[in-house]
2 protein chains.
Amino acid sequence: MELFYLAHLEADQLDISFSTEESKHINKVLRKKVGEKITVTNGKGLEWVGEITHSEARKVTAKNQSTHQHKYNDANLHIAIAPTKSNDRMEWFLEKVTEIGITQITPIICDHSERKVIKPERMKKILVGAIKQSAQFHLPQLNPACSFKKFMDKDVAENKLIAHCREGIKKELHQIKNLNAGLIILIGPEGDFSEKEIEMARNNAVKEISLGNQRLRTETAGIVACSAVGTLRKLL
Amino acid sequence: MELFYLAHLEADQLDISFSTEESKHINKVLRKKVGEKITVTNGKGLEWVGEITHSEARKVTAKNQSTHQHKYNDANLHIAIAPTKSNDRMEWFLEKVTEIGITQITPIICDHSERKVIKPERMKKILVGAIKQSAQFHLPQLNPACSFKKFMDKDVAENKLIAHCREGIKKELHQIKNLNAGLIILIGPEGDFSEKEIEMARNNAVKEISLGNQRLRTETAGIVACSAVGTLRKLL
């Protein structure tokens with residue numbers, strides 16, 4: 001199934017007129033013809049199935065046939081991650097965790113962050129591409145970048161975990177209770193979290209975790225944490 | 001710890017003379033000076049610690065101080081994967097599974113493979129880079145590419161699993177018994193395994209598995225399988 005994305009699509013919308021870019025893709029690349037089916041989502045669980053009513057290189061339209069609202073069954077999984085020095089690595093992280101399954105992502109700027117500026121539009125595009133590719137109807141929420149300190153100050157109900165490679169009393173993910181409840185996992189930059197940041201996390205009742213004995217790159221740590229939570233939640 | 005790699009290093013070797021390329025890296029990039037420590041592995045479990053005895057842009061040498069042979073504690077995990085159309089995606093797979101932990105990789109050429117030729121030297125380089133980066137002393141074994149059929153014909157003692165998205169009676173990884181024994185997981189190309197290949201696998205007592213409800217890209221499926229086995233083995 002080829003999945004399309006329209007942020008503002010509503011369940012009761014009868015017709016869709018695709019953008020010039022999408023039209024070109026549908027008509028020229030996929031060679032979709034009048035009468036063929038097309039599936040569109042708004043990234044908020046909606047599956048809108050329509051029939052193509054017009055197909056030209058610059059203009060494709062469709063009329064609705066059926067809609068279905070998909071529930072989001074999993075508990076929240078929110079990864080707060082320091083953007084990697086290389087943009088590529090960050091984009092891989094975004095693509096992979098979206099494919100695997102994640103609800104929220106927050107870029108956090110840490111003491112050792114070399115990259116302090118991010119491009120949210122570009123990041124959002126990667127997320128949209130990944131849900132289209134993996135045929136998912138929920139777009140992960142991309143929060144604005146924020147400093148580690150500010151992130152710590154936020155009052156949230158979720159279980160917070162911090163993955164780091166420094167000394168400390170750390171548990172492994174499978175030893176954490178209530179993985180099935182909402183979860184926030186913090187992943188540090190290339191130079192890891194600073195001692196000050198880990199101390200701040202401890203004072204905020206954030207649990208320290210280890211993702212194994214290997215020294216993982218930032219983006220690998222994020223992918224492994226996301227994948228491990230998915231695996232472990234199946235066992236609960 | 002900065003880790004260096006020398007394929008032919010022996011445990012009883014008293015001195016090392018680094019290649020011009022490595023010397024340049026040690027002297028110019030890392031600015032290592034005479035008297036400083038350096039750690040080298042042969043990718044077969046050896047940790048060779050030496051002291052730098054000479055440091056010039058084109059010639060760095062070290063003499064041995066101590067050696068340690070690391071045992072490989074995990075059971076075999078062998079992933080046989082169809083090379084992705086995009087080289088980048090294959091290289092990301094190689095880097096990530098090496099960081100996460102894997103023992104063997106075999107590129108398999110399938111009915112729907114768009115890429116039928118691979119560059120083993122380039123792939124080996126990625127694996128070496130990843131063990132250096134993640135400070136591991138065991139280099140995964142990269143087998144020559146082979147056809148799906150030939151791979152099926154190989155007589156191996158390990159449990160074989162095939163991950164695919166077609167119809168079939170499939171288990172999830174956590175429902176597979178004896179994950180702690182040697183394991184081979186087959187991952188298909190962009191267009192999935194063909195019906196003929198899945199039939200062939202069934203006839204060879206290969207167990208069918210699903211990696212979840214999402215439609216994962218080839219390289220993501222490989223990374224998720226590797227990570228999930230690592231997570232599940234910790235629970236056994």
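In what follows, chains are A, B, ... by sequence order, proteins preceding strands, each numbered from 1.
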Answer yes or no: are there more than 12 heavy-atom neighbours, outside [X] itself, under 6.0 Å from its atom [atom1]?
X: B/K170; atom1: NZ; result: yes
X: A/K234; atom1: NZ; result: yes
X: B/L236; atom1: CG; result: yes
X: B/R166; atom1: CZ; result: yes
X: A/K24; atom1: NZ; result: no
X: A/K116; atom1: NZ; result: yes
X: B/K44; atom1: NZ; result: yes
X: B/N213; atom1: CG; result: no

Quiz item: Where does A/Q136 contact chain B at under 4.5 Å (heavy atoms): side chain, backbone, both or neither?
Solution: side chain
Self-check item: Residue A/L235 versus chain B: region with a heavy atom under 4.5 Å
Solution: side chain
With chain B, which of [options] has the greatest number of heavy-atom pairs at distances under 4.5 Å?
options: A/A130, A/G212, A/G101, A/S134; answer: A/S134
options: A/Q175, A/R215, A/H174; answer: A/R215
options: A/E172, A/K96, A/M1; answer: A/K96
options: A/T220, A/T231, A/L211; answer: A/T220

Self-check item: Pairwise side-chain contact, B/E95 with A/R217, heavy-atom cut-off 4.5 Å (strictly under)
Solution: yes
Exercise. Report yes if some heavy atom in the side chain of A/E219 is under 4.5 Å from a heavy atom in the side chain of B/W92; otherwise report no.
Key: yes
Self-check item: Close contacts, residues 222-230 of chain A versus chain B, judged by heavy atoms under 4.5 Å
Solution: A/I223, A/V224, A/S227, A/A228
Quiz prompt | Residue-level contacts of residues 80-89 of chain B with chain A, using a heavy-atom cutoff under 4.5 Å | solution = B/D88, B/R89
Practice problem: Identify which part of B/I100 has an atom lying under 4.5 Å from any heavy atom of chain A, answering side chain, backbone, both or neither. | Solution: both
